[in-house]
Amino acid sequence: MIAQGQTLPASSLSQLTDDGMTNHQVTELFADKKVVLFAVPGAFTPTCSNAHLPGYVVLADQLKAKGVDIIACVSVNDAFVMKAWGDAQNADEIMMLGDGDASFTKSLGLEMDTAGFGGVRSQRYAMVIDNGVVTQLNVEAPKAFEVSKAEAILASL
């Protein structure tokens, strides 16, 4: 699993905006930026939709006031699902990124197999990235939602 002090591995994530589809190279997207990246097991799922994403939507301005350039949400879903979920949640300040084949999640060592529920998904986590280097990594214990919530990240900045 990736650790604090390590550089993010080269990988790509997809984003659908009103201007079309973009495949971002992670190393380029997060270069020279302070980023809060949080991951959820699945778009439109209960904890993710009722608490995790909404917390970042509500606190986006406060996070940016602490010097955060990008707030990004990633899930092992396609970019179409991530855009629809972001639109449904009024997540205009959040970059909604799809990891359709779980390659980014696997490169971090943060995947989990949910078997028949949804297959390979991401563990729930949040990280702070400074110029491509992980400066903080908060991975949730199974079925927990404490250390990756927006309030916890904001308090740590």
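The first residue in the sequence is number 1, and the count goes up from there.
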Can you tell me how far the [atom1] atom of [X] sits from the [atom2] atom of [Y], to the nearest 0.5 Å?
| X | Y | atom1 | atom2 | value |
| --- | --- | --- | --- | --- |
| Ser75 | Trp85 | OG | CH2 | 6.5 Å |
| Tyr125 | Asn138 | OH | CG | 12.0 Å |
| Thr17 | Gln15 | OG1 | CD | 6.0 Å |
| Leu29 | Leu13 | CG | CG | 8.0 Å |
| Leu157 | Leu63 | CG | CG | 6.0 Å |
| Cys48 | Gln89 | SG | CD | 10.0 Å |

Inter- and intrachain pairs under salt bridge (charged side-chain N to carboxylate O under 4.0 Å, His left out), touching residues 1-27, at least two apart: Asp18-Lys83
Salt bridge (charged side-chain N to carboxylate O under 4.0 Å, His left out): pairs with one or both residues in residues 127-145, sequence neighbours excluded: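 Pairs touching residues 127-145 that pass the test: none.
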Phe38/Tyr56 aromatic ring centres below 6.0 Å: yes
Taking every non-hydrogen atom, the tightest pair across Arg124 and Ser148: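 Minimum heavy-atom separation between Arg124 and Ser148: CG-OG, 3.5 Å.
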Heavy-atom pair with the smallest gap, counting every atom of Leu53 and Ala91: CD1-CB, 4.2 Å
Criterion side chain to side chain contact (heavy atoms under 4.5 Å, CB included) on Leu8 and Leu108, from CA distance to verdict: CA-CA 8 Å; Leu8 288 177; Leu108 298 176; 3.8 Å; yes
Intermediate values then yes/no, side chain to side chain contact (heavy atoms under 4.5 Å, CB included), Ile153 and Met127: CA-CA 8 Å; Ile153 297 300; Met127 64 173 65; over 6 Å; no
Sidechain N-carboxylate O distance under 4.0 Å for Arg121, Glu111: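 A salt bridge is absent here (no side-chain N lies under 4.0 Å from a carboxylate O).
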Which residues share a ring pair (Phe, Tyr, Trp, His ring centres under 6.0 Å) with Phe145, sequence neighbours left out: His52
Distance-only, no hydrogens or angles: does the [X] side chain make a donor-acceptor pair with backbone N or O of [Y] under 3.5 Å?
| X | Y | result |
| --- | --- | --- |
| Ser122 | Ala39 | no |
| Ser49 | Pro46 | no |
| Asn131 | Asp32 | yes |
| Ser107 | Phe104 | yes |
| Gln6 | Ala3 | yes |
| Thr135 | Val128 | yes |
| Asp78 | Met82 | no |

Tell me whether [Y] is reachable from [X] by hopping between hydrophobic residues (I, L, V, M, F, W, Y) whose side-chain heavy atoms are closer than 4.5 Å.
| X | Y | value |
| --- | --- | --- |
| Phe80 | Leu97 | no |
| Val57 | Ile70 | no |
| Ile94 | Met21 | no |
| Leu110 | Val133 | no |
| Leu137 | Val26 | yes |

Step-by-step side chain to side chain contact (heavy atoms under 4.5 Å, CB included) determination, Val120 to Lys106: CA-CA 9 Å; Val120 174; Lys106 289 176 182 177; 4.0 Å; yes
Pairwise side-chain contact, Pro41 with Thr114, heavy-atom cut-off 4.5 Å (strictly under):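 Side chain of Pro41 against side chain of Thr114, heavy atoms only: no contact under 4.5 Å found.
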Asn50 vs Pro54 side-chain heavy atoms within contact, under 4.5 Å: no
Criterion side chain to side chain donor-acceptor pair (under 3.5 Å) on Gln136 and Ser156, from CA distance to verdict: CA-CA 9 Å; Gln136 182 177 338; Ser156 73; 2.9 Å; yes
Neighbour count >12 (heavy atoms, 6.0 Å) for atom NZ, Lys33: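 More than 12 within 6.0 Å, yes.
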Test log, rule side chain to side chain donor-acceptor pair (under 3.5 Å), inputs Ser12 and Asn23: CA-CA 6 Å; Ser12 64; Asn23 289 310; 5.7 Å; no
